[in-house]
Protein chains: 2
Amino acid sequence: MAVTIKDVARAAGVSASTVTRALTMPALVHPETRDRVRRTAASLGYHPNRAARGLITGRTGNLGLLVPDLGNPFFPSVVKGVQARAHEADYAVFLADTDEDSAAEIGLVRKLSQQVDGLLLCSPRMTDDELRTLVGDTPLVLVNRRLARVPSVIPEFLDGMRQAVSHLTALGHRRIGYVAGPRSSWANRERARSARTVSAAAGAELVEIGSVAPQFEGGVAAADQVLAAGVTAVIAYNDLVALGLLNRFTARGVSVPGDLSVLGFDDIPLAAMVHPALTTVALPKEQSGRAAVDLLLQLLADPDRSPAARRELPTQLMVRASTGPAPVHPAPKPAPAESAPLGSAGPP
Amino acid sequence: MAVTIKDVARAAGVSASTVTRALTMPALVHPETRDRVRRTAASLGYHPNRAARGLITGRTGNLGLLVPDLGNPFFPSVVKGVQARAHEADYAVFLADTDEDSAAEIGLVRKLSQQVDGLLLCSPRMTDDELRTLVGDTPLVLVNRRLARVPSVIPEFLDGMRQAVSHLTALGHRRIGYVAGPRSSWANRERARSARTVSAAAGAELVEIGSVAPQFEGGVAAADQVLAAGVTAVIAYNDLVALGLLNRFTARGVSVPGDLSVLGFDDIPLAAMVHPALTTVALPKEQSGRAAVDLLLQLLADPDRSPAARRELPTQLMVRASTGPAPVHPAPKPAPAESAPLGSAGPP
DNA sequence: ACGGAGATCGCCAACGTTTTCATGCATTCT
DNA sequence: AGAATGCATGAAAACGTTGGCGATCTCCGT
């Protein structure tokens with residue numbers, strides 16, 4: 001059916017070995033025959049069968065990428081970065097969405113690991129121990145997660161949080177809320193820790209609120225607790241949660257940023273699309289994807305070097321419309337909750 | 001390194017062929033040995049090498065999925081559907097983002113087609129002719145695009161548009177705008193055509209406005225034309241465009257839905273998260289992904305049957321807060337454009 | 001008791017490629 | 001001039017799996 005290396009060999013009047021060499025080790029064949037072989041290969045539309053090649057070389061030319069939830073706009077951005085860099089390097093990428101399920105995650109890793117040269121685990125939900133059982137099995141790079149002796153790409157959370165808190169304290173806020181994400185999330189623990197460290201240093205009081213799903217609904221659910229906490233500003237685990245807060249605040253008639261400032265994390269595209277536009281700490285999403293692929297490729301090229309290369313990428317506070325000066329009456333008295341026009345929440 | 005079929009064969013005291021049969025054609029081996037083989041295979045952690053299998057069977061067990069832009073929240077939803085169904089059927093999926101570039105699209109199809117059993121093209125940007133050159137090369141299913149004699153999965157655009165227009169005319173709107181998407185997009189042509197057909201039937205006047213990028217910025221750019229067109233309601237090519245409209249209307253002090261009703265297409269998750277929540281025609285996103293995989297799999301199982309199976313999936317109008325009764329003064333006189341707090345537009 | 005059918009299983013070729021290893025030949029050194 | 005080197009190429013083995021073919025054995029009908 002498809003054109004094989006033998007077809008090319010016959011057409012060019014050489015052996016199969018020469019065809020291979022002409023295409024993958026050009027220095028080893030006579031320039032004249034090399035060109036001839038390449039021309040006939042091109043004219044016949046020959047592409048080496050990757051399965052056959054993989055069988056002998058042990059390399060598939062594929063990368064695997066696992067993300068917890070493509071529905072969270074953060075991840076498609078990372079995926080785009082991974083895609084772009086991988087295709088540049090002539091790798092194809094398997095994508096798997098684990099639906100926030102750490103058990104499924106492990107299963108998928110196992111299934112994918114035999115078909116790829118290396119894996120990228122983006123914000124994996126599994127525990128450190130589970131993660132450790134996977135390491136050594138397959139070359140592997142973590143994105144948005146740190147684990148000793150495992151290569152990873154992470155944003156500078158601490159600095160991002162510092163920018164956020166500095167921005168708020170400069171605006172006069174002294175009592176700041178942090179709406180926590182999933183307890184099992186490494187990123188959440190990291191952000192919470194940074195928030196404590198940074199706000200202590202800045203002389204601001206930090207109120208930690210709940211632990212919610214990293215989604216719009218989580219923010220909606222936490223909003224009333226935020227209001228009850230008597231803070232003048234709130235930092236959300238991520239942008240989706242911040243949008244949930246914003247939505248509920250609007251419904252309850254709380255003015256943002258008049259009564260309360262709201263700050264997110266991630267800078268997903270729609271952060272700039274809502275009203276008021278969301279002030280947020282931009283994480284290097286596509287860049288993380290690219291950097292992770294780079295790390296993985298150099299790990300594949302040279303397996304025993306740099307047992308745990310780690311890259312930290314800079315973050316950037318995007319000041320938009322959801323943050324403003326602290327109100328003069330520090331503890332706003334919101335109207336009692338009404339069953340407000342929330343809009344039917346979420347897709348069917 | 002890895003455990004091969006020979007290891008299992010030796011450990012179980014049988015030949016390699018028997019191992020294969022025990023695992024893939026259970027009926028052909030004695031129940032006792034079958035169980036023994038399966039147990040030893042499991043205990044050794046044996047998984048057949050898919051490359052080797054693919055070499056001989058000609059099947060890879062992989063599917064390819066091409067999308068134009070993962071940044072548009074519509075596509076991650078489709079991807080999720082594809083993922084889920086493919087994994088159920090024990091297929092892995094290659095994902096490629098073509099960045100709205102039809103040339104890259106063709107190249108990627110060519111590159112992927114040799115590594116997959118079949119391809120899913122989601123809203124392909126290429127022309128009909130380009131598309132035709134690809135068909136026959138590889139089993140292929142179109143999502144969100146119709147082409148004669150090519151299997152496809154599409155939403156019932158006409159009915160969706162009918163629901164949208166009926167909703168608006170019931171609210172008293174008689175002059176309705178349609179903000180068009182990319183001219184090269186089949187989905188756009190289809191929606192525009194449906195809009196004309198349906199509004200004519202409903203006795204409403206349709207004003208077609210521009211042709212914009214299918215993104216937030218496109219909506220922002222079209223908003224002022226919409227206001228100038230003197231319509232009381234506007235249907236956008238998709239939700240992102242609708243959100244762009246909404247944002248610019250808010251900035252110009254136009255009340256939605258007081259002065260103007262806005263209606264989108266797709267029902268991306270954030271349509272319900274903004275304020276006012278967006279009324280929109282929900283397309284079966286995940287379901288399209290699943291249906292496309294189903295179609296592709298049955299095409300692979302039985303190549304010569306049903307040369308052009310086609311599935312049309314129902315749509316559903318989601319009435320939220322961005323549509324309301326037509327204003328009594330049909331042509332609102334908006335305040336002149338001010339340099340309003342739009343929020344920095346889009347990601348860096 | 002014999003032939004044949006059916007069940008069960010092993011042998012071996014094949015898939016398309018890469019990679020040693022060996023070969024032929026021209027060139028250069030002593 | 002003979003040997004040693006280098007280059008360019010071909011032959012063949014190997015990668016892990018599957019599937020056709022045939023061998024063996026059991027069982028049944030006649």
Side-chain angles (χ1 to χ4, degrees), chain A residues 1-42 44-62 90 92 111 113-117 300, chain B residues 1-42 44-62 90 92 111 113-117 300:
Chain A
M1 199 67 195
V3 35
T4 88
I5 202 174
K6 288 183 185 173
D7 300 326
V8 179
R10 202 173 319 119
V14 295
S15 75
S17 332
T18 302
V19 176
T20 289
R21 282 190 284 255
L23 296 179
T24 65
M25 324 175 219
L28 295 188
V29 316
H30 192 85
E32 188 181 314
T33 53
R34 168 167 55 74
D35 291 347
R36 179 160 42 93
V37 168
R38 292 191 147 182
R39 273 198 307 275
T40 58
L44 263 59
Y46 167 73
H47 290 284
N49 180 320
R50 294 183 87 134
R53 168 183 291 176
L55 198 52
I56 180 113
T57 63
R59 316 194 112 201
T60 61
N62 300 331
D90 209 39
K111 242 170 84 176
S113 63
Q114 29 160 341
Q115 319 192 48
V116 302
D117 295 337
L300 291 177
Chain B
M1 199 66 194
V3 36
T4 86
I5 201 173
K6 288 184 184 171
D7 300 326
V8 179
R10 201 172 322 120
V14 295
S15 76
S17 329
T18 303
V19 177
T20 289
R21 283 190 284 256
L23 297 178
T24 65
M25 325 176 218
L28 294 187
V29 315
H30 192 88
E32 187 181 315
T33 54
R34 168 166 55 73
D35 291 345
R36 179 160 41 91
V37 168
R38 291 190 149 185
R39 273 198 308 276
T40 58
L44 265 57
Y46 167 74
H47 291 283
N49 180 320
R50 294 182 86 133
R53 169 183 290 175
L55 198 52
I56 182 118
T57 62
R59 313 195 117 201
T60 61
N62 300 330
D90 208 40
K111 241 170 82 177
S113 63
Q114 30 160 341
Q115 319 192 45
V116 301
D117 295 338
L300 292 177

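Numbered from 1 within each chain, the chains take letters A, B, ... in sequence-line order. Given the structure is predicted, the values throughout are model-derived calculations rather than measurements.
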> Hey, is the main chain of B:Ala12 close enough, under 3.5 Å, to the side chain of B:Arg36 for a donor-acceptor pair?
Replying inline: yes
>> If I compare all heavy atoms of A:Gln115 with all of B:Ala92, which pair ends up nearest, and what's the gap?
In response: NE2-CB, 4.1 Å
> For A:Met25 and D:dT9, what is the distance between atoms CE and C1' respectively, to the nearest whole Å?
Replying inline: 13 Å
Could you run down the sub-3.5 Å N/O contacts of the protein with nucleotides 11-16 of chain D?
from   : atom 1 : to      : atom 2 : distance (Å)
D:dA11 : N7     : A:Ser17 : OG     : 3.4
D:dA11 : N6     : A:Ser17 : OG     : 3.0
D:dG16 : N2     : B:Ala52 : O      : 3.4

>> Can you give me the bend angle of the helix from C:dA1-D:dT30 to C:dT30-D:dA1? Use the axis through the first five pairs and the one through the last five, nearest 10 degrees.
In response: 50°
>> So, taking the atom named OG1 in B:Thr18 and the one named CE in B:Met25, what distance separates them when rounded to the nearest 0.5 Å?
In response: 10.5 Å
> Which whole-number value in Å describes the distance from B:Arg36 CZ to C:dT8 P?
Replying inline: 14 Å
> For B:Leu28 and D:dG20, what is the distance between atoms CG and C1' respectively, to the nearest whole Å?
Replying inline: 13 Å
>> Base, sugar-phosphate or nothing for A:Thr18? Non-hydrogen atoms, less than 4.0 Å.
In response: sugar-phosphate
> C:dG16 C1' sits how many Å from A:Asp7 CG, rounded?
Replying inline: 11 Å
> Hey, are B:Arg38 and B:Asp35 close enough for a salt bridge, meaning a charged N less than 4.0 Å from a carboxylate O?
Replying inline: no
>> Using whole Å, what does the distance between atom P of nucleotide C:dC25 and atom NE2 of A:His30 come to?
In response: 17 Å
>> Rounded to whole Å, how long is the line connecting atom CG of B:Asp35 with atom C1' of C:dT8?
In response: 15 Å
>> Check this one for me: any side-chain N or O of B:Thr24 less than 4.0 Å away from OP1 or OP2 of D:dT18?
In response: no
> Considering the options A:Leu28, A:Val29, A:Val8, A:Ile5, which one meets the side-chain contact (heavy atoms from CB on, under 4.5 Å) requirement together with A:Thr20?
Replying inline: A:Ile5
> Taking atom P of C:dT18 as reference, at what distance in whole Å does atom CG of A:Leu23 sit?
Replying inline: 8 Å
> When you look at B:Val37 and B:Val14, which way does the side chain to side chain contact (heavy atoms under 4.5 Å, CB included) test go after all the steps?
Replying inline: CA-CA 8 Å; B:Val37 168; B:Val14 295; 3.9 Å; yes
>> As an exercise, state the distance from OG1 of B:Thr60 to CZ of A:Arg50, rounded to the nearest 0.5 Å.
In response: 12.5 Å
>> For the backbone of A:Arg21 and the side chain of A:Thr24, can you confirm whether one donor and one acceptor N or O come within less than 3.5 Å of each other?
In response: no
> Between B:Arg53 and B:Gly61, is there a donor-acceptor pair closer than 3.5 Å when you use the side chain of the first and the backbone of the second?
Replying inline: no
